[in-house]
Amino acid sequence: MPDTQWPRFMVFQQMAPGEPLVHNGTVHAPDIEMALLNGRDVFVRRPRAHAMWVTPVECIFAKTAQELADGTWLAGVQDAGGAEEKYHVFGKLHHLGQLDQLGMVEAASAPMAMKRAIEGFGGKPVLVWWVFPAARTLYSDEAEAESLFQFSESHDFKNQAFYPVITMMRQMRAKGKLED
Amino acid sequence: MYGASVDDIKQDGKAEPERLAEFEARIARGEKIEPGDWMPAEYRKQLIRMISQHAHSEIVGMLPEGAWITRAPSLKRKLILLAKVQDEAGHGQYLYHAAETLGATREEMVEMLLTGAAKYSNIFNYPTLNWADIGTIGWLVDGAAIMNQTMLARCSYGPYSRAMVRICMEENFHKKQGQEQVILLSQGTPAQRRMMQDAITRWWWPTLMMFGPHDTDSPNTPTLVKWGIKTRTNDELRQDFVDQLAPDLMALGLTLPDPDLKYNEETGHWEFGSIDWDEFWRVVKGDGPMNAQRMAARRRAHDDGLWVRQALAAYAEKHGSLN
């Protein structure tokens, strides 16, 4: 068997119930279940998570505002019919931002899903669009949220505010020693 | 398909100079370039070089600190150090991801590191000889890295910028836990003070070298600045670092190993002596105190992990999961 670093999976994280999911990055994993666990280990060290989704990178269908600018791609998308399935829609709304969850569309292909996403959610300028099929996504189990994620919240020492170094330096500069 | 492929040439009929002018105008407006957008081949090449070196530095950077996890002086310091080293592994993952969006594969990047074709930060080729080195790495080495990374968080390539924002947030804990230790050890018992002074004496110059060669010897810098990858030069960042750290370390009664270090009232900056560039290039070229050990440790970890990668790949194949 050839050596490998395994396929890539895209990781999305929800910080608290009711908030949109946000794209985090990718992990490598041999399968999608390991991808969810690797995603937890890489991205939930802090500060918190309520839910996590993973999907294979090749399932992401992406278009940037630049690619869509002249309208030719969109005009060429044809509805070829066939069975429709659900697609998640994510978009990047700010230059300094991440991709956020915008919602869901139903379509028979990824390009059609993209077209419907742009029609349905394109009210504000979106810089990067992603659609991916819900059926190819693995979702963390709500019932397991506590065991998967909660422990990451309890480590005060990972918070920079745990270290009173500004006060300590002020004491050192003023008095040349630390107060008890 | 997410992530630009190297041969994915956009067929929009525009001439190269016209595309380049549009690209540079976007950067001038503060827009982020995203995978899928047009970019010059040189922009992609420079980013892959920088990001993969940065990722390798996070991975190799676990070794000098990891050596002290078992010998941490208290459970508190042990848990802090464990969390910090684990963060560095995570940072390596964020960065490899950013390079992958440009068409570099993980396999290629790992290969480049293990064969010595790719570089990582020189600082990790120095040994950690006593516990005070751990505080020093946190405050000085991570402090220097944060200055560079804060700049890169504003860089023009979206995925690199986002990885950096996340890393900077986490690195602030690394820096402050180190600073707290340096403050406490510098005010501790005579033995602790000696240990602290020894660490500062050994790490001060290598930390200044982390910012890289002088601007005059850094041929890539003008292009990197023009394309918004770097927004400040090596010498500017190095000066900021000395201005911040020198007075703080001196306020703790520590001595910096530079007889030429002095504050210039007129410029408002700290002046410092010449860096030993012969030492810098010697270590870059592989002849530092720990180069051989660091590479051996990475290769051993890779070889020892082979059976795990194969076993999990076999399991995934047998069970035919979603991927």
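A, B, ... follow the sequence lines: proteins, then strands. Residue 1 opens every chain.
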* For B:D243, check side-chain hydrogen bond (donor to acceptor under 3.5 Å, both in side chains) against everything at least two apart and list the hits. => B:Q239, B:H269
* Structure fact -> Max heavy-atom pairs within cutoff under 4.5 Å with chain B, candidates A:M34, A:K92, A:R173, goes to A:K92
* Asked: How are the rings of A:W53 and A:F90 set to each other: parallel, tilted or perpendicular (split at 30° and 60°)?
  -> perpendicular
* To do: For each of B:E31, B:R26, B:Q187, tally heavy-atom pairs with chain A at distances under 4.5 Å, and name the one with the top tally.
  => B:E31
* When heavy-atom pairs shorter than 4.5 Å are enumerated against chain B, which of A:A35, A:A65, A:G97 gives the highest number? -> A:G97
* Hey, are A:H88 and A:Q101 close enough side-chain-wise for a donor-acceptor pair under 3.5 Å? -> no
* **Interchain contact, A:L127 with chain B, by part (heavy-atom threshold 4.5 Å)** => neither
* Any side-chain donor-acceptor pair under 3.5 Å between B:Y96 and A:T26? -> no
* To do: Let me know which of A:W130, A:F43, A:F132, A:F9 forms a ring-ring contact (aromatic ring centres under 6.0 Å, His included) with A:H23.
  => A:W130
* To do: Return yes if a side-chain donor-acceptor contact under 3.5 Å exists between B:W227 and B:E24, otherwise no.
  => yes
* **B:E170, part contacting chain A, at a heavy-atom distance under 4.5 Å** => both
* Under 30°, 30 to 60°, or over 60°: which ring-plane class applies to B:F23 and B:W38, parallel, tilted or perpendicular? -> perpendicular
* When rounded to the nearest 0.5 angstrom, what is the spacing between CG in A:L37 and CE in A:M52? -> 10.0 Å
* Structure fact -> Cut-off 4.5 Å, heavy atoms of chain A, and the answer for B:Y315 is side chain
* Give the member of B:R166, B:M169, B:Q93 that has the highest number of heavy-atom pairs under 4.5 Å with chain A. => B:R166
* Asked: Under a 4.5 Å heavy-atom cut-off, does chain A meet the side chain of B:K76, its backbone, both or neither?
  -> side chain
* Structure fact -> Given A:D41, A:V27, A:N24, A:N159, the one with more heavy-atom pairs under 4.5 angstrom with chain B than any other is A:N24
* Asked: Pick from B:V110, B:T105, B:D87, B:L184: which one has the most heavy-atom pairs with chain A under 4.5 Å?
  -> B:D87
* A:K63 portion near chain B, given a 4.5 angstrom heavy-atom threshold -> neither
